[in-house]
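Reviewing the structure listed below.
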2 protein chains.
Amino acid sequence: MANEKTRGRLTAGDWARAALTAIGDGGIAAVAVEPIAARLGATKGSFYWHFANRDALVEAALRLWEQQHTEAVIARVEEEPDARARIRRLFLDVTTGGTEAVENRIEVALLAAAAHPLVAPAVGRVTERRIAYVADLYEELGVPPAPARRHALLAFTTWMGHTQLVHAAPGVLPTGEDASAYLDFVLDSLVDTGERS
Amino acid sequence: MANEKTRGRLTAGDWARAALTAIGDGGIAAVAVEPIAARLGATKGSFYWHFANRDALVEAALRLWEQQHTEAVIARVEEEPDARARIRRLFLDVTTGGTEAVENRIEVALLAAAAHPLVAPAVGRVTERRIAYVADLYEELGVPPAPARRHALLAFTTWMGHTQLVHAAPGVLPTGEDASAYLDFVLDSLVDTGERS
DNA sequence: CCATCCCCGTACGGTACCGTATGGAAACGA
DNA sequence: TCGTTTCCATACGGTACCGTACGGGGATGG
């Protein structure tokens, strides 16, 4: 499999993508030059021409993640016309993809590495960006800013927890037909913005 | 600091505790014999007398975690007389402890390592055990088994997400007085078992 | 006081990875 | 075609860790 386009020569982007994949497979510790080089069918000689050292590769992978897994998802959700539909879409996008979704594995790995000096700022920015976006969605539903922020925090918390649960113990979640029913149950509890009180 | 009691000689339990601490600090990968030995003021010679290899140490640490961080927490919550109070207590116990809570760091690290062959079964058992316990709490509130299971899943999901958020980006959460207000907001959304529909 | 066993330190070989040095092949402009 | 630049493989030293071998000291029972 490896890399079929640009056969032979590699770009810095190729290395960054491979590093991000490695993060999904084995966490930050799996961003090791020699194993990734082998996976790309190359050697360290190539790597140290494109990057100064291992940390630079980690940074490049994080930039890739920060750009792809935040802005891209938001852009996709923005296609939905209705704000209520966007919230549902946000959860569906993340839930669909199954247990082995690479996206989720990367999320979990980076969350666990939040103490890492290179990871911390990226995770912080992405988290704040996502919560702010969800808060905007609630405001579009007519919720005032302060409660919108609360609802966004709870929705994001639920989203993270769900991702973790799917990743760590998929067996406890409902399967088949019950799966979508449970998802509706969760979404209803999040989209209910307190009309009753 | 190191280990002051049992000065000199070490037990297998000492190694297991140190390994669990290491997991909290740097994940499964941080369970390395020589660094832990240094932290205990000993050498590998001691370790390989008490354990066959590194995997055995990981297993011992996981057994310690599985026992302490599940049954102990449940036992403490069981002290609360009212079921509603128990649910709140469950969240308060986990939230209180601050950002740097060792407990949370271990949770996050193990969740991220759920793909590890030694970690997977432990995480699976603990997860199922916790969800079943929360489902029991909801049933004590008069909720039938099926919806109780759904509510327990959502509550546990929220709990996990909250733990992740506290660990990865504590800055996005409300601080000071708003913190407990937000917590009440979350708890209300979880303890509300659908009386309105 | 001595022998035995428990516990541990030291020394060694092996593996995996980081980073550097250097030569050379492939692409490219003139 | 030829020189130059771009890109990469090989080889090397250094570090951190795993697991084994072995020897010795300290506790303990007689």
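Note on naming: letters A, B, ... go to the chains in the order of the sequence lines (proteins, then strands), and numbering restarts at 1 for each one. Because the structure is a prediction, the values reported are computed rather than measured.
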A:Phe51 CZ to D:dT6 C1': how many Å, rounded? 16 Å
Find the distance A:Asn53:CG to D:dG14:P and express it as a whole number of Å. 20 Å
Aromatic plane relationship, B:Phe47 with B:Phe51 - under 30° parallel, 30 to 60° tilted, over 60° perpendicular: parallel
In whole angstrom, give the distance that lies between atom CG of B:Leu40 and atom P of C:dG9. 10 Å
Please tell me which of A:Ala42 and A:Glu34 maps to the more 5' nucleotide of DNA chain D, matching each residue to the nucleotide holding its nearest heavy atom. A:Ala42
Whole Å only: how far is the OH atom of A:Tyr48 from the C1' atom of D:dC8? 14 Å
For B:Tyr182 and B:Glu177, what are the C-alpha separation, side-chain angles and deciding distance, and is it a side-chain contact (heavy atoms from CB on, under 4.5 Å)? CA-CA 9 Å; B:Tyr182 172 69; B:Glu177 204 158 294; over 6 Å; no
Given DNA chain C, 5'-ward residue of the pair A:Asp55 and B:His50, judged by closest heavy atom: B:His50
Nearest of C:dG9, D:dA9, D:dC17 to any side-chain atom of B:Ala32? D:dC17
Gap between atoms CZ and C1', on A:Arg9 and D:dC7 respectively (whole Å): 4 Å
Hey, does the side chain of B:His151 reach the backbone of B:Pro147 with a donor-acceptor pair shorter than 3.5 angstrom? yes
Can you tell me how far P of D:dA16 sits from CZ of B:Arg54, to the nearest Å? 17 Å
Which label fits A:Phe156 and A:Trp159: parallel for a plane angle under 30°, tilted from 30 to 60°, or perpendicular past 60°? parallel
Rounded to whole angstroms, how far apart are CZ on B:Phe47 and C1' on D:dT20? 13 Å
Which of D:dC18, C:dC18, C:dT10 is nearest the side chain of A:Val33? It is C:dC18
Atom pair distance, as rounded to whole Å: CH2 in B:Trp49 and C1' in C:dC6: 6 Å
